[in-house]
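Letters A, B, ... mirror the listed sequences (proteins, then strands); counts begin at 1.
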Amino acid sequence: MKLGKGFFSRNAKEVARDLLGEVLVRKIGNKILRAKIVETEAYFGSEDPASRAVQNGDLRKTMLMEPGTILVYGVHNNWLINFVTSNEGKAEAVLIRSLEPLNFEAKTNGPGLLTKALRIGKDFHKKNICETSNLWVEENFGFDETKKGSLEIAEAFRIGVKKDLSKKLRFYIKGNKFVSRK
DNA sequence: CATATGATGGACT
DNA sequence: GTCCATCATATGG
């Protein structure tokens, strides 16, 4: 079962944490690639100096769109995939940083690597994860806090950002070997 | 059009 | 840990 918009229409920090353990599914032709989300980061709007929503471009506009909107943005020759969260009009998003491949082999332990492995590019930009037929998040834990409790989740400061907030906005599954670490 | 910047990755010490 | 290739994006002229 796919995760719906209700899942994404919450605070980015909550969504980032709850996305851990869920399964990202990518359909390419007749192949289905499934990968577990093991590392995420939350980004906010004007109050977040690391977020690109502090600038007044297309990225900010996209972050203001409805929950579940896919935001693909390029940096240093890589595509990074985000899901817009919270309600329409509030600039929040969750960056997918790392995946654990479940039925295929590929390097997915980094935000730029996983988009290459899943062949995610700008063509997904501004589409909605709840409505696309070749990319979605499969419910594994969903809103079930009890099941979610079986996961060991670690919090940390975000990676690679120039000016981070003094909050821990990076979440990953403790001990998972596919987590990118530096 | 010109230029600055960076939410990276890989090679190397 | 350091260095750097490389390009999407924002902004200024």
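- The aromatic ring of A:Tyr43 stacks onto the base of B:dA7, its centre lying under 5.5 Å from the centre of the six-membered base ring with the two planes under 30° apart.
- Closest to the side chain of A:Asn77, out of C:dA8, C:dC7, C:dA10, is C:dC7.
- One atom, CD of A:Glu41, and another, C1' of B:dT8, lie 12 Å apart when rounded to the nearest Å.
- A salt bridge links A:Glu22 to A:Lys148: at least one charged side-chain nitrogen sits closer than 4.0 Å to a carboxylate oxygen.
- Contact annotation: A:Lys122 side-chain N/O to C:dT9 OP1/OP2 distance is under 4.0 Å.
- Distances shorter than 4.0 Å separate some side-chain N or O of A:Arg97 from OP1 or OP2 on B:dT8.
- Residue A:Val75 is in base contact, counting any heavy-atom pair closer than 4.0 Å across all strands shown.
- In this structure, NZ of A:Lys61 is placed 12 Å from P of C:dT9, rounded to the nearest angstrom.
- With hydrogens and angles disregarded, no donor-acceptor distance shorter than 3.5 Å links the side chain of A:Ser180 to the backbone of A:Gly110.
- Put simply, CD on A:Gln55 is 5 Å from P on C:dT11, counting in whole angstrom units.
- In a base pair of the Watson-Crick type (N1 to N3 plus N6-O4 or O6-N4) or a G-U wobble (N1-O2 and O6-N3), with each distance short of 3.5 Å, C:dG13 is matched with no nucleotide.
- Rounded to an integer number of Å, the gap from CG of A:Leu80 to P of C:dT9 is 11 Å.
- Between A:Lys167 and A:Glu155, no side-chain nitrogen of the basic residue sits less than 4.0 Å from a carboxylate oxygen of the acidic one, so the salt-bridge criterion is not met.
- Within 4.0 Å of A:Asn56, counting heavy atoms only, lie sugar-phosphate atoms of the nucleic acid but no base atom.
- Contact check on A:Arg170 versus A:Asp164 returns no salt bridge, with no Lys/Arg side-chain nitrogen under 4.0 Å from an Asp/Glu carboxylate oxygen.
- Summarising the geometry, the separation between CG on A:Asn109 and P on B:dG10 is reported as 8 Å, rounded to the nearest angstrom.
- In this entry the distance linking OH of A:Tyr73 with C1' of B:dA7 reads 4 Å, nearest Å.
- Checking B:dA7, C:dT9, B:dG10 against every side-chain atom of A:Trp79, the shortest atom distance belongs to C:dT9.
- Side-chain proximity of A:His76 to B:dG9, C:dT11, B:dG6: nearest is B:dG6.
- Using N1 to N3 plus N6-O4 or O6-N4 for Watson-Crick, or N1-O2 and O6-N3 for G-U wobble, each under 3.5 Å, B:dA11 pairs with C:dT2.
- For the residue pair A:Lys177 and A:Asn109, no side-chain donor N or O sits within less than 3.5 Å of a side-chain acceptor on the partner.
- The CD1-C1' distance, from A:Ile96 to B:dT8, rounds to 17 Å in whole Å.
- The interatomic distance linking A:Arg52 (CZ) with C:dA8 (P) rounds to 12 Å, in whole Å.
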